[in-house]
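Worth saying up front: this structure is predicted, and the values here are computed from it rather than measured. Letters A, B, ... mirror the listed sequences (proteins, then strands); counts begin at 1.
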2 protein chains.
Amino acid sequence: QMPRGNLESIHHRALVLAQIRKWLDGLRFREAFECMRKLRINLNLMYDHNPKVFLENVETFITQLDSISHINLFLTELKEEDTTSSMYPPPEGGPVQTSSGSGPKKVDVVSEALLKAMESMDPHKFCLSILTAHVKKSVPELEVALQKVHELRVNPPGAPGAVGAEEALKYLLFLVNVNDLYEHSLGTYDFDLVLMVAEKSQKDPKEYLPFLNKLKSLEPHYQRYTIDRHLKRYRKALLHLSKCGEQHFPEVLQLVTEQQLYGEALRLFAAHSPQHKALTGAYAEYLVEQQQAEQAGLLLWRCGELVRALQAFTSSSSWRNAICVAQEIPLPPDQLALLARDLAEKLTEQRRYSEAALLLDQYAKDCEEAILALITGAAWEEALRLVHVHNRQDITETNLKPALLEAFSSQTAFLETQTVTFVRHRSRLAVVRKQKEKARLEMLDEDGPDCPEAELYSEASSVMTASKYSQSNSRISSRSSKNRRKAERKKLSLKEGSPTEDRALMYALSEIITTVDKMREEVHCLLKALVLFHFDKQAQKLQLAFGEALQTMEAAVPEVWPEGVQTSHAPVTGPNSTANSITASFQQQKPSAAPTDPEVPAAPKMRSGVKWKLVVLN
Amino acid sequence: QMPRGNLESIHHRALVLAQIRKWLDGLRFREAFECMRKLRINLNLMYDHNPKVFLENVETFITQLDSISHINLFLTELKEEDTTSSMYPPPEGGPVQTSSGSGPKKVDVVSEALLKAMESMDPHKFCLSILTAHVKKSVPELEVALQKVHELRVNPPGAPGAVGAEEALKYLLFLVNVNDLYEHSLGTYDFDLVLMVAEKSQKDPKEYLPFLNKLKSLEPHYQRYTIDRHLKRYRKALLHLSKCGEQHFPEVLQLVTEQQLYGEALRLFAAHSPQHKALTGAYAEYLVEQQQAEQAGLLLWRCGELVRALQAFTSSSSWRNAICVAQEIPLPPDQLALLARDLAEKLTEQRRYSEAALLLDQYAKDCEEAILALITGAAWEEALRLVHVHNRQDITETNLKPALLEAFSSQTAFLETQTVTFVRHRSRLAVVRKQKEKARLEMLDEDGPDCPEAELYSEASSVMTASKYSQSNSRISSRSSKNRRKAERKKLSLKEGSPTEDRALMYALSEIITTVDKMREEVHCLLKALVLFHFDKQAQKLQLAFGEALQTMEAAVPEVWPEGVQTSHAPVTGPNSTANSITASFQQQKPSAAPTDPEVPAAPKMRSGVKWKLVVLN
């Protein structure tokens, strides 16, 4: 025989593992278990080796082990870790273990499988192992375990040698902290059990006895409520409290408000009861605090709290609901008109002119204000509709036509500034990219500074200092979905020479494109209105200007956002390149292709499908 | 002296060019010109060498050449080609020529510069060169040239030796085809000039004299109209015809209709004249044919053709305009109601339920139908508003509530199928990608088929044949912006094993995401309506289902669209790789990163900013 040594012992374990695997594959759990226990091989391997097979043969496993203490040992050793990947990797060519990823936890799966098997085989015999399995779960089921003990106490098993309540409790105390157990025993509402646990603990009877006695004197539902509340099980506490009768309702309200259990509470009381109404009132107050006034309004309305519902809807500009509730109250006509004006004002502030106009027209009966709101909102056709409904052609002359000309001027001027900014940003971007590309090539090419690109560089930098601008037009951000982008753009800087300048420019360009592209519908409507009132020259000018702006931007997209996320650089290969230089050139490309921090803004999509041109203006 | 030979002659030319460049830089045009003419060097170089300097010194150039025939020679040799890049590249280190790209053509720029200079210096002296410059333009200005001849004929130059009309015409005939010149001479409306040209031509006087005589007999405007029409100058013809008085208006109408000169014609007649009205009528007919009935309606309306305008607006579902015109006519109430119903039906077909409801409510005075339209369109709040306006709470019970429950069921079912399809496509995509990656590695790695990946391949392909499905849910396409995508998707096939399967799956996934993401607003409104009518359970279920669907899709995006356009492969580098293998690995990656034909669909943007959840349902 060879002398023992390191090499030999490694070899030995591999052999042993191979043998264990063979046994496990052959469902010879007993042999495997004995061997693993002796050689201190982690017992998790019994399951990890092949989870599916193990779960399908749990009963065989239990039968073969045939020992409460062995089963307990196995249960106690269970860990989330997969030993086949951490400690005992399977040999090459072995079956591939597919790690389950998420899903239920392994410890829970195994405990539950063993529990089910033991409960069906012989709950009395496996009593202690069953307790172990409950305690072992990732969220220990102490109450279920205590419930078992409680059952043993109420119905002591007849069979000889079966585990009694006393013994089971002792075992549990061995597994679990006694104070935890005491608290959870309270949760069984079984005072004898509580006493049993308390006696095993080191607690002073003077401490717990008065508390228990006080509990015992309470009405059962209220008793359970008190216990649940003591254990901070507020949902259960609420359930029991709700059964304690009307005189305890103030406590319900307090509990619900304290613990924000509104939804649960509403489900516990009949929909049209006074309690339901009171709870809704409390909930509504909370919702208003949480800026959810509209939802508060819905709850108040459905339980008949109309005045408060009206308040909630009004404060959240939920005007349709507000008006409905007002008519249900019913509000007298003059007050309804005032309400409508109030709501219309709020909507106007939010640039919801058409809705404001509806309120003014139909509820405040003020068609003039309604038409003016529509004109302000550039809802030309709808304004004209109301003009005809109310026979107010005078407003066409006094307001509509001047507003059309005003809109023409402002749109034209806006397009002008957008286009100018766009062109400037685009040229600057070309310069910045050239500089970056040059810097990149210089880093690759270590020939030194006397290469022909040096001239190019100085040229580019002089262009850079020549062009002058600072920030993009402020009107863009007020028009486009600013909030999200704002945060991203904060990281970028349009300042010349800033390291993020190229991306800042791309953002700015993208925003201008989006803004201008969004104008299609508005311009289309304005063009039609201009034509209707014989303002053909203005319409033609606007159509031309908008068409040119869109074309400029469309044409720039392939330049600003080249194919394949702007990696327009060809890979640096050729007779003089080495493996390293090629790799370097690709790695140099990467950061510009998909930089990590503030991402390269994607090319905006232009909605060329939205037709806006009028053929009569061509 | 060395014997003459090839080498020497090349050397010679380089020297000559250097000399010419020096002369040109020194503004010694005469020396340069003489030398170039002698050595047959293309005269374009005079300009191409430094366009800016040439244009700034045109007068010097003319003065130095001091010869009509030399200037003519230079003009005749002008070509678009840039000789500094085609024939005479500047020596290394010389000033870089920035090719202007687009912009006005070189020939036109040079001709125009010379024209201006000669006209200001001495139009009589340079007469023939001026004619040459006009003829030389990219669109020859024959009429202008003929106009010059005409002027010479009317005001013969007094200066001795100045060119007369006769001589100028002869020179023109030498430059231009005689028939072209004859046609263009007609365009000057100067019959003597026409005769002069005709006489020089080989034309038979019996042919052209009757035509000219007939023309001479006509009223001047009509005469010019006839000529312009003969020359197919329809815009000019229309202008002259419009001055011929009312009796010729039928001809105007015919010309306008034939040549579709509606816009021009409308500008030629006063806005409220009967001619304007007649033209508008014709234009409107044409626009209706071109599917532009709404624009036709606008023109008809503004010139007072109300009945026809109403027709045009109705046929284009331009309901607001239609109603306005109807009230302007005015239509009697019962007919207005019928019209409103008619329009409402059209709008309903286009799923524009809210607009249909407005028509039914306010013009057809049928609040019941209006409310039903709103219910069909899932505009719950607006339906409820009309219920309250008209005191029809009965409809809430009979229609609104059942519709809410129905909407709940269909939305839940729809979400279910979308999610199932989504998950299936996603898993299939993972399989397809694995296969592609494997194929890629095999192509790189020329070790042959006995590598361990062979097993993987057979495994993957068995998974592939196991999963079964054919097409994506048909409801998706009906919901999303289908037209554009349809074309793109046609090229892609979801069929298993198709070469575009991965991209087809990405499209399908992207469409499901877009469709589901679009539901935020609709679900939000439905949830509120459900809560209002105490359908809390349904609302909770829907909120849960929609939340889960969104989460599933959000979580899948980084997997389906990995960073940097799905190039998740690390570059293949390492001790065993060569320059070629690294390059190959990058080139292999490219097609999957940015394939050319049907592009890889971009990751859809989810609008996580759109809040749809109700806290009262949590």
Side-chain angles (χ1 to χ4, degrees), chain A residues 93 262-263 266-267 271 283 287 290 292 294-296 298-299 301-302 318 320-321 323-325 327-328 362 381-382 384-385 387-389 391 481 483-484 528 531-534 536 563-565 571 573 577-583 586-587 590 593-594 596 602-603 605 609 614-618, chain B residues 262-263 266-267 271 283 287 290 292 294-296 298-299 301-302 318 320-321 323-325 327-328 362 381-382 384-385 387-389 391 452 481 483-484 528 531-534 536 563-565 567 571 573 577-583 586-587 590 593-594 602-603 605 609 614-618:
Chain A
Y262 303 102
L266 284 176
R267 280 188 282 279
Y283 197 4
L287 287 169
Q290 302 291 309
Q292 303 293 348
E294 188 182 35
Q295 292 177 48
L298 291 173
L299 297 185
W301 188 6
R302 76 180 193 178
S318 184
R320 283 193 179 86
N321 287 323
I323 285 288
C324 288
V325 170
Q327 292 188 318
E328 231 172 65
Q362 295 186 25
E381 280 193 16
E382 180 72 359
L384 207 55
R385 185 179 76 80
V387 160
H388 280 82
V389 167
N391 246 310
S481 64
N483 283 338
R484 193 159 26 103
K528 288 195 290 188
V531 166
L532 180 60
F533 291 103
H534 288 99
D536 294 23
E563 280 292 304
V565 201
T573 55
S577 51
T578 64
N580 283 338
S581 83
I582 295 168
T583 312
F586 279 108
Q587 282 165 349
K590 279 267 163 110
T596 44
K605 274 203 175 167
L614 300 190
V615 292
V616 300
L617 295 174
N618 281 350
Chain B
Y262 302 102
L266 284 176
R267 279 189 281 278
Y283 195 5
L287 286 170
Q290 302 291 309
Q292 304 291 349
E294 189 182 31
Q295 291 176 49
L298 291 173
L299 296 186
W301 188 6
R302 75 179 195 179
S318 185
R320 282 192 180 87
N321 287 323
I323 286 287
C324 287
V325 170
Q327 292 189 317
E328 229 172 68
Q362 296 186 25
E381 280 191 15
E382 179 72 358
L384 206 56
R385 184 178 77 80
V387 161
H388 281 82
V389 167
N391 245 310
S481 62
N483 284 339
R484 192 162 25 102
K528 288 194 289 187
V531 165
L532 181 58
F533 291 103
H534 288 100
D536 293 23
E563 280 292 303
V565 202
T567 43
T573 56
S577 52
T578 64
N580 283 339
S581 83
I582 294 168
T583 311
F586 279 109
Q587 281 163 351
K590 278 267 164 106
K605 273 206 176 167
L614 300 191
V615 291
V616 300
L617 296 173
N618 282 348

### Engaged part of A:Glu294 at the chain B interface, taking heavy atoms whose separation is under 4.5 Å
side chain

### Query
Nearest heavy-atom pair of A:Gln295 and B:Val615: which atoms, and what distance?
OE1-N, 2.9 Å

### A:Gln292 portion near chain B, given a 4.5 angstrom heavy-atom threshold
side chain

### Query
Say you draw a straight line from NE2 of A:His388 to CZ of B:Arg320; how long is it, rounded to the nearest 0.5 Å?
14.0 Å

### Query
B:Glu381 and A:Asn321: which non-hydrogen atoms are nearest, and at how many Å?
OE2-ND2, 3.4 Å

### Summary
Highest number of heavy-atom pairs under 4.5 Å with chain A among B:Val616, B:Leu298, B:Val387, B:Asp536 belongs to B:Val616

### Message
Need one label for B:Leu287: side chain, backbone, both or neither, based on atoms under 4.5 Å from any heavy atom in chain A.
### Response
side chain

### Task
Counting only heavy atoms closer than 4.5 Å, note whether A:Tyr283 contacts chain B via side chain, backbone, both or neither.
side chain

### Task
Considering non-hydrogen atoms only, spot the tightest contact between A:Leu532 and B:Arg302 and give its length.
O-CB, 3.3 Å

### Task
Could you grab the distance from atom OG of A:Ser318 to atom NZ of B:Lys528, nearest 0.5 Å is fine?
5.5 Å

### Query
Where on A:Leu266 is there a heavy atom nearer than 4.5 Å to chain B: the side chain, the backbone, both, or neither?
neither

### Message
Checking A:Gln327 against B:Arg385 for the side chain to side chain contact (heavy atoms under 4.5 Å, CB included) test, could you report, in this order, the C-alpha distance in whole Å, the side-chain angles of both residues, the deciding distance, and whether it holds?
### Response
CA-CA 10 Å; A:Gln327 292 188 318; B:Arg385 184 178 77 80; over 6 Å; no

### Message
Just verifying a value: how many Å separate B:Lys605 NZ and A:Lys605 NZ, rounded to the nearest 0.5 Å?
### Response
11.0 Å

